[in-house]
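Atoms within each ligand, like the ligands themselves, are counted from 1 in listed order.
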Amino acid sequence: MCGIFGIYNHKDAANITYLGLYALQHRGQESAGIACFDENTVHLHKQMGLVSDVFTADVLKTLQGTNAIGHVRYSTAGSSDLKNSQPIVVEYLKGHLALAHNGNLTNARIIRDDLRDSGSIFQTTTDTEVIVHLIARSKERNTADRLTGALNTIEGSYSLVLLTPNELIAARDPYGIRPLCLGRLKDSHIISSESCAFDLIEAEFLREIEPGEILVINEKGTHSLFPFKKVPRKHCIFEYIYFARPDSFMFGRTVYTIRKAFGRGLAKGDTVEADMVIPIPDSGIGAAIGYSQASGIPFELGLIRNHYVGRTFIEPEPSIRHFGVKLKHNAIHDLVKGKKLVVIDDSIVRATTSRKIISMLRYYGAREIHFRVSSPPTKYPCFYGIDTPSRKQLIASSHTVEDIKTYMQCDSLRYLTVEEMKDALDGGDYTFCDACFTGDYFIPFPRAMDMEQMELFSRQ
Ligand code: AMP
């Protein structure tokens with residue numbers, strides 16, 4: 001769960017990157033960083049914290065140069081500390097190089113062990129550093145070919161930006177799991193995880209980087225390579241459900257329209273009678289609007305979110321997570337009192353947030369609570385870059401819908417089915433990875449990965 005950004009040929013490259021990272025902040029709140037080149041001198045600033053905490057006007061002044069890349073991070077591999085923050089900047093035989101990555105490499109541990117056995121020294125515990133080592137060891141002459149060689153060795157998901165003194169290179173894995181797009185601001189080319197960053201800086205959206213594409217941007221213009229074997233597209237469905245910003249255009253559609261379609265799908269075939277539909281903000285809003293429009297049940301903002309608290313799920317300490325639920329949502333008492341409610345959220349992970357919200361609504365006098373989830377039960381962890389807990393902690397992996405309903409203490413519970421989700425995406429080929437719902441892991445991973453994932457989540 002990370003956001004990446006890159007810009008080539010702009011006199012305020014670092015400032016634009018800073019703005020871009022603001023728009024991508026929802027993709028990672030642990031650390032932020034920018035690297036840029038001023039001729040052959042590299043400047044790097046990265047720190048733990050939000051973009052607004054990490055960069056000051058004085059810091060941005062030091063980030064000179066016309067090309068820059070940036071990164072916001074939430075760890076899915078490697079621990080959450082400064083040494084693992086990105087961009088990673090290294091000096092090797094061919095000079096300096098900066099790299100920022102969004103995704104998760106499934107064979108990183110194996111490659112890392114091999115490299116270490118042959119003498120490599122690692123500075124971080126991220127999977128991203130493996131790519132840098134492979135680039136440095138490559139015998140190819142230019143950076144794009146070195147990168148191709150490295151990417152041919154790794155498996156898993158990656159959208160990445162790589163910067164050298166004279167080139168910005170963007171790459172997306174052959175399945176196109178994580179998003180990445182290309183924009184233009186006058187004479188500058190821009191790469192971003194999501195198109196919402198282009199809107200902020202008034203850049204033009206050109207297109208999405210294709211799955212398996214390596215795009216080289218330099219003084220000659222842009223040049224695309226497609227060096228990998230073609231495989232079916234497997235875009236992450238969870239980007240649509242939860243992770244991406246609703247105003248982004250991604251995998252060929254606007255995220256908000258998909259969220260509404262999931263809500264409409266949920267309403268179809270639902271016979272519940274209620275006074276109002278209320279979303280759990282912000283993640284349930286799009287689906288609740290769709291549900292309301294399809295069912296004719298009025299939409300109300302029955303729950304108000306305090307935006308100054310981070311996403312509860314993402315807080316690293318268990319104590320903060322616990323308080324976070326109460327800090328984050330409150331109900332409008334008069335509105336919900338005595339009412340039959342349809343309450344909508346995009347997903348249930350551990351069911352702790354939803355359970356507490358239901359209990360709060362009851363406390364304020366709600367008469368009936370019908371909980372609706374605009375995605376299928378999340379039963380399997382993601383190994384391709386979304387931060388989901390191990391199976392043990394995913395309530396739907398070991399409990400029936402009826403059990404979950406009892407645990408949450410709602411009057412009824414309904415999830416969108418996998419079939420309804422596919423229908424809502426309306427026609428054409430189904431080009432999504434839905435392993436979190438189906439367990440269909442199309443990229444094999446070593447068993448050890450399971451353990452790592454468990455370890456990662458035992459921190460929470
Ligand atoms: P819970 O009720 O505790 O299962 O939490 C569900 C909430 O977590 C929903 O509002 C989701 O939007 C949110 N959520 C789902 N997946 C994630 C994730 N990977 N990271 C952070 N929050 C998530």
Side-chain angles (χ1 to χ4, degrees), residues 1-3 25-30 72-77 80 102-104 157 178 236-246 255 259 262-263 278-288 303 305-307 309-316 318 320-329 343-361 369 371-399 401 403-405 407-410 413 415-416 433-437 453 456-457 459-460:
M1 285 163 71
C2 296
Q25 184 77 83
H26 61 290
R27 298 186 68 86
Q29 295 103 36
E30 282 182 4
V72 285
R73 174 166 195 256
Y74 180 65
S75 49
T76 51
S80 168
N102 169 213
N104 216 28
S157 67
R178 308 255 71 89
C236 167
I237 194 74
F238 216 70
E239 293 271 357
Y240 273 170
I241 289 165
Y242 166 74
F243 196 42
R245 246 172 67 161
V255 175
R259 294 211 177 137
F262 288 156
I278 67 171
I280 297 190
D282 293 331
S283 51
I285 293 176
L303 290 163
R305 175 173 165 189
N306 178 343
H307 283 99
V309 186
R311 288 183 179 194
T312 47
F313 199 89
I314 279 173
E315 299 298 340
I320 307 286
R321 211 175 101 74
H322 172 71
F323 289 122
V325 176
K326 290 178 197 147
L327 281 170
K328 216 165 112 176
H329 293 106
V343 178
I344 302 210
D345 206 356
D346 67 287
S347 55
I348 293 178
V349 181
R350 296 178 172 91
T352 45
T353 314
S354 30
R355 185 172 195 251
K356 284 176 182 151
I357 285 176
I358 290 168
S359 140
M360 178 173 65
L361 289 168
I369 299 171
F371 207 93
R372 299 291 179 266
V373 187
S374 61
S375 63
T378 306
K379 294 185 179 171
Y380 303 91
C382 177
F383 295 99
Y384 310 138
I386 292 282
D387 180 21
T388 39
S390 63
R391 283 205 75 184
K392 240 184 4 207
Q393 290 162 309
L394 287 171
I395 192 163
S397 75
S398 52
H399 293 79
V401 174
D403 288 343
I404 300 171
K405 186 201 111 182
Y407 174 72
M408 286 171 42
Q409 298 187 339
C410 47
L413 172 63
Y415 285 88
L416 192 71
C433 169
D434 53 19
C436 48
F437 309 129
Q453 199 83 0
L456 174 65
F457 284 95
R459 286 193 285 115
Q460 295 201 359

Flag Ala351 as yes when one of its N or O atoms lies below 3.5 Å from any N or O atom of ligand 1, and as no otherwise. yes
Which atoms of ligand 1 have any heavy atom of Ser283 under 4.0 Å away? 10 (O), 12 (O)
Could you tell me if any non-hydrogen atom of Asp346 lies under 4.0 Å from any atom of ligand 1? yes
Give, for atom CG of Asp345 and atom OG of Ser375, the distance between the pair rounded to the nearest 0.5 Å. 8.5 Å
Using the side-chain contact (heavy atoms from CB on, under 4.5 Å) rule, pick out the option among Tyr242, Phe243, Phe437 that qualifies with Ile237. Phe437
Is it the side chain (CB and beyond), the backbone, both or neither of Asp345 that lies under 4.0 Å from ligand 1, heavy atoms counted? side chain
Give the atom numbers and elements of ligand 1 that come within less than 4.0 Å of a heavy atom of Ser354. 2 (O)
Considering only NZ, NE, NH1 and NH2 on the basic side and carboxylate oxygens on the acidic side, decide whether Asp346 and Arg259 come within less than 4.0 Å. no
Do Arg355 and Arg350 touch side chain to side chain, with heavy atoms closer than 4.5 Å? no
Output for pair (Asp282 CG, His26 NE2), nearest 0.5 Å, gives 11.5 Å
I want to confirm something. Looking only at heavy atoms, which of Ile358, Ile386, Thr353, Thr378 is nearest to atom 5 (O) of ligand 1? Thr353
Using a 4.0 Å cutoff against the non-hydrogen atoms of Val349, which atoms of ligand 1 qualify? 1 (P), 4 (O), 14 (N), 15 (C), 16 (N)
Checking Arg27 side chain against Cys2 main chain: does a donor-acceptor pair fall under 3.5 Å? yes
Any idea which part of Phe243 is under 4.0 Å from ligand 1, heavy-atom wise: side chain, backbone, both or neither? neither
Should you measure from each heavy atom of Ile348, which atoms of ligand 1 turn up under 4.0 Å away? 4 (O)
With rounding to the nearest 0.5 angstrom, report the CD1 to OG distance, Ile404 to Ser398. 8.0 Å
